[in-house]
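Below is one structure; the comments refer to it alone.
For the single chain, residues carry numbers from 1 onward in sequence order.
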Amino acid sequence: DSRRSTLSSCDDCPVSKVSWYEAVDYCYLIGKTLPSEAQWEKAAGGGNGCEFPWGPQFDALHPNAHGGLKLRDKARVVGSYPPNKYGVYDMTGNMWEWTADWYGSYINTGETMRNPKGPKSGIMKVRRGGAWSDSIKAMAVGYRDWSYPQSRSLNDVGFRCVGNVVDPK
């Protein structure tokens, strides 16, 4: 349909130009949620001491990258690159992904070290993963960025839904 072509650069590419609110609504309709930042980071391979989901150094075979440090010019088909150690595809370098959390600092307590939660309210929502339009630095597992939740004109921001929510420890 004509709307699909405005939301994605190809039939099997991630949907983009979707606000945080639209992403939340879609996930709800299919019985899932957006991941928290902690869930996203765990699924990306965080906690293994490596900077990227696949290991300690940048590897052009994994993300949507070309010629070392130059990223490609648009999103690629989902699953175009090897999965990470959890079998999850495209955690970095294809699209920024909305998370459930508001942007803000974490408070260092025992509980937040195990399963950190963002602030209860805020102005911006967190997005993770870096995109085809960004630097390699943005693809690091710990890199965070943010946008207004009503933003829907960003052609490099999408989302993924999670179900059966599991403690990310």
Side-chain angles (χ1 to χ4, degrees), residues 1-27 29-30 32-48 50-101 103 124-163 168:
D1 79 19
S2 61
R3 182 163 186 243
R4 182 180 185 109
S5 64
T6 64
L7 297 176
S8 183
S9 59
C10 69
D11 285 345
D12 295 321
C13 288
V15 171
S16 63
K17 296 187 178 183
V18 178
S19 76
W20 180 88
Y21 296 106
E22 291 167 323
V24 167
D25 286 348
Y26 177 83
C27 292
L29 288 172
I30 64 169
K32 297 183 179 191
T33 65
L34 287 177
S36 68
E37 271 199 274
Q39 290 168 328
W40 186 94
E41 195 164 313
K42 175 71 175 182
N48 65 0
C50 293
E51 187 167 357
F52 298 99
W54 52 83
Q57 297 183 351
F58 179 75
D59 180 348
L61 295 177
H62 284 85
N64 191 3
H66 174 69
L69 301 180
K70 183 180 176 203
L71 297 181
R72 295 188 188 273
D73 61 353
K74 61 183 177 179
R76 296 293 186 242
V77 171
V78 173
S80 293
Y81 304 97
N84 68 12
K85 68 181 182 177
Y86 296 119
V88 182
Y89 289 87
D90 306 324
M91 290 302 293
T92 61
N94 208 19
M95 298 290 284
W96 283 103
E97 297 179 7
W98 289 116
T99 69
D101 294 349
Y103 180 77
M124 305 282 203
K125 285 292 189 173
V126 176
R127 51 190 179 123
R128 300 290 295 264
W132 54 266
S133 60
D134 261 301
S135 69
I136 290 176
K137 175 182 165 186
M139 287 188 275
V141 171
Y143 192 86
R144 305 169 72 214
D145 203 0
W146 56 90
S147 293
Y148 291 107
Q150 66 272 20
S151 298
R152 72 179 317 260
S153 62
L154 304 168
N155 67 347
D156 63 353
V157 179
F159 67 98
R160 73 176 67 221
C161 301
V162 297

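- To the nearest 0.5 Å, atom SG of residue C161 and atom CG of residue L34 are 6.0 Å apart.
- Residue V78 comes nearest to D90 through the heavy atom pair CA-OD2, 3.3 Å, listed as atom of the first residue, atom of the second, then distance.
- Proximity of N155 to W132: side-chain heavy atoms (C-beta onward) are separated by under 4.5 Å at one or more points.
- Looking at R76, its side chain never comes within 3.5 Å of a backbone N or O of C13 through a donor-acceptor pair.
- S19 contributes atom OG, which lies 7.5 Å from atom CG of D25 (distance to the nearest 0.5 angstrom).
- Checking R127, K125, R144, K42 one by one against E37, the salt bridge (Lys or Arg N to Asp or Glu O under 4.0 Å) holds for a single residue, R144.
- Within 6.0 Å of OH on Y148 lie no more than 12 heavy atoms contributed by other residues, nucleotides or ligands.
- Side chains of Q57 and F52 form no contact here, defined as non-hydrogen atoms less than 4.5 Å apart.
- Contact check for V157 versus S151: no side-chain heavy atoms found under the 4.5 Å cut-off.
- One N or O on the side chain of Q39 and one on the backbone of S36 form a donor-acceptor pair closer than 3.5 Å.
- Between the CH2 atom of W98 and the CD atom of E22 there is a distance of 10.0 Å, given to the nearest 0.5 Å.
- In this structure, D101 contributes its side chain and V126 its backbone to no donor-acceptor pair below 3.5 Å.
- When side chains are defined from C-beta on, P14 counts as touching M95, because their heavy atoms get closer than 4.5 Å.
- In summary, E97 and R160 engage in a salt bridge, as defined by a charged side-chain N under 4.0 Å from a carboxylate O.
- Residues F159 and W96 have side chains not in contact (no heavy-atom distance under 4.5 Å, counting atoms from C-beta outward).
- Between S147 and L154, the closest side-chain pair of non-hydrogen atoms falls below 4.5 Å.
- Checking side-chain atoms of W40 against main-chain N and O of V141 turns up no donor-acceptor pair under 3.5 Å.
- The structure places CE of M139 at 10.0 Å from CG of N94, a figure rounded to the nearest 0.5 Å.
- Contact detail for A43 and Y86: the closest heavy-atom pair is O-CD1, 3.6 Å.
- Heavy-atom minimum distance, N84 versus M91: ND2-CG, 3.8 Å.
- Between T99 atom OG1 and W20 atom CH2 the span is 9.0 Å, to the nearest 0.5 Å.
- Around atom OH of Y26, no more than 12 heavy atoms belonging to other residues, nucleotides or ligands sit under 6.0 Å away.
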